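Remarks on the structure that follows.
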Amino acid sequence: MTTPVLHVHPLSSCCQKVLIAARALGVTMEERFLNLGDPAVRAAFADISPMGKMPLLEDGDRRVAETSIIIEYLQQHYAIAEARLIPANADAALDVRFWDRFSDFYVMTPMQALTAERLKPAGQGSEAAVADARQMLLKSYAVLDRQLQGGGWLAGAEFSMADCAVAPALFYAVAYVPLPEEATRLQAYFERLMAHQAVAAVVDGARPWFKYFPGRDGLAREYFDPAG
């Protein structure tokens, strides 16, 4: 059996989603650092990933793209013992997939929009785009807070792909738009999420790169100290 190769950058929220899942599933793989800022690296990567998006999984002759599909592939082929992030029960699996998509579309996407605005040259940003992204995050926070009424994890009692998706998205999002005081369930969940072994390991691995995150000043000091 070949060892799968995951092309990643540790600062990327999309890559972190898959890295968290791989750790939770006990997957052994090679994590190949991908610096798309290097033209030669970008050109070589385009040969195996026509859309040029990371992460990308290579398993022998097979290439698997898109975070949720990569996670499902890793569970099917490389998870240890009975480790699962997508339940065997069809209805429960639909719940996990829904909250996975919710996290990507309504937490990660507006967070990335705010990041994109920070990266624009002075005077070229869009106040409307920033306002829309902030409003989307606040709306998403409220939905997540309601979903967490029963405690536990995002899609039920077990840690799942939904938690893998929302962890890096929330981690960066709260640097731009802090969790509202009234979202007490979401606040408690976020603390529980950051303490999860797989999440904590991936966040720790990304720590040297946080100085390049445009919203770094909004990160909790336990993760990034601007003075240090």
Side-chain angles (χ1 to χ4, degrees), residues 3-36 54-59 64 66-87 96 99-100 103-104 107-108 111-112 115 144 148 151-175 179 186-213 215-216 218-225 228:
T3 299
V5 175
L6 187 68
H7 298 268
V8 292
H9 191 293
L11 186 62
S12 161
S13 54
C14 292
C15 293
Q16 289 174 7
K17 172 182 172 179
V18 175
L19 290 172
I20 291 167
R23 282 160 175 74
L25 292 170
V27 173
T28 298
M29 63 183 182
E30 177 188 344
E31 296 173 19
R32 189 167 296 174
F33 178 79
L34 185 61
N35 177 16
L36 293 181
M54 58 181 173
L56 179 78
L57 183 76
E58 284 192 285
D59 188 18
V64 186
E66 300 301 327
T67 57
S68 303
I69 306 303
I70 294 172
I71 291 171
E72 190 153 359
Y73 183 86
L74 291 175
Q75 176 172 292
Q76 289 179 1
H77 297 282
Y78 288 100
I80 61 171
E82 299 300 316
R84 298 192 67 89
L85 292 171
I86 303 168
V96 167
W99 289 106
D100 168 77
S103 300
D104 280 358
V107 184
M108 191 176 294
M111 176 276 291
Q112 291 174 333
T115 296
L144 291 171
L148 293 161
W153 298 104
L154 184 54
E158 302 296 329
F159 185 87
S160 72
M161 179 170 68
D163 302 290
C164 299
V166 82
L170 268 181
F171 178 82
Y172 288 130
V174 298
L179 300 179
L186 181 55
Q187 290 177 8
Y189 167 74
F190 183 64
E191 292 180 6
R192 194 161 61 251
L193 192 59
M194 292 299 106
H196 187 280
Q197 185 176 8
V199 176
V202 171
V203 169
D204 192 57
R207 199 178 295 268
W209 300 93
F210 289 152
K211 60 186 177 182
Y212 300 112
F213 171 52
R216 55 191 173 273
L219 294 174
R221 291 298 171 263
E222 63 186 289
Y223 301 114
F224 178 76
D225 183 356

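All figures in this text were calculated on a predicted structure; none of them were measured in a lab. Every heavy atom of this structure was used, including side-chain atoms; hydrogens, water molecules and symmetry mates were not.
Side chains of Thr3 and Tyr78 form no contact here, defined as non-hydrogen atoms less than 4.5 Å apart. Contact of the Met108 side chain with the Tyr172 side chain is not registered, since no non-hydrogen atoms from C-beta on lie closer than 4.5 Å.
Closest approach of Ala79 to Ala83, counting heavy atoms only: CB-O, 3.6 Å. When all heavy atoms are compared, the tightest approach of Gly215 to Ala175 is O-CB, 3.5 Å.
In terms of the ring pair (Phe, Tyr, Trp, His ring centres under 6.0 Å) criterion, Phe190 has no residue partners (sequence neighbours excluded). Partners of Glu72 under the side-chain hydrogen bond (donor to acceptor under 3.5 Å, both in side chains) rule, at least two apart in sequence or in another chain, are Arg97. For Gln75, the side chain to side chain contact (heavy atoms under 4.5 Å, CB included) partners are Leu25, Arg84, Leu85, Ile86, not counting sequence neighbours. Listed by chain and number, the residues in a side chain to side chain contact (heavy atoms under 4.5 Å, CB included) with Ala220 are Glu222, Tyr223 (sequence neighbours excluded).
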Tabulate below the donor-acceptor pairs under 3.5 Å that side-chain atoms of residues 5-12 make, not counting sequence neighbours, or state none.
unit_1 : atom_1 : unit_2 : atom_2 : d
His7   : NE2    : Glu58  : OE1    : 2.8
His9   : ND1    : Leu11  : N      : 3.1
Ser12  : OG     : Cys14  : N      : 3.3
Ser12  : OG     : Cys15  : N      : 3.1

Going by atom type alone, with no hydrogens or angles, which donor-acceptor pairs under 3.5 Å involve a side-chain atom of residues 159-170 and a protein atom two or more places apart or on another chain?
unit_1 : atom_1 : unit_2 : atom_2 : d
Ser160 : OG     : Ala162 : N      : 3.2
Asp163 : OD1    : Leu154 : N      : 3.0
Asp163 : OD1    : Tyr189 : OH     : 2.6
Asp163 : OD2    : Ser160 : N      : 2.8

Show every donor-acceptor pair shorter than 3.5 Å between a side-chain atom in residues 26-34 and any protein atom, with sequence neighbours excluded, or say none if there are none.
unit_1 : atom_1 : unit_2 : atom_2 : d
Glu30  : OE1    : Arg32  : NH2    : 3.2
Glu30  : OE2    : Arg32  : NE     : 3.0
Glu30  : OE2    : Arg32  : NH2    : 3.1
Glu31  : OE2    : Arg23  : NH1    : 3.2
Glu31  : OE2    : Arg23  : NH2    : 3.2

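Screening residues 4-21 for salt bridge (charged side-chain N to carboxylate O under 4.0 Å, His left out), with sequence neighbours left out, gives Lys17-Asp100, Lys17-Asp104. The list of side-chain hydrogen bond (donor to acceptor under 3.5 Å, both in side chains) pairs with a residue in residues 197-210, not counting sequence neighbours, reads Asp204-Arg207.
More than 12 heavy-atom neighbours from other residues, nucleotides or ligands sit within 6.0 angstrom of CD on Gln112.
Checking Leu74, Val202, Ile69, Leu56 one by one against Val18, the side chain to side chain contact (heavy atoms under 4.5 Å, CB included) holds for a single residue, Leu74.
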- List the steps and the verdict of side chain to side chain contact (heavy atoms under 4.5 Å, CB included) for Asp59 and Tyr73. CA-CA 10 Å; Asp59 188 18; Tyr73 183 86; 2.6 Å; yes
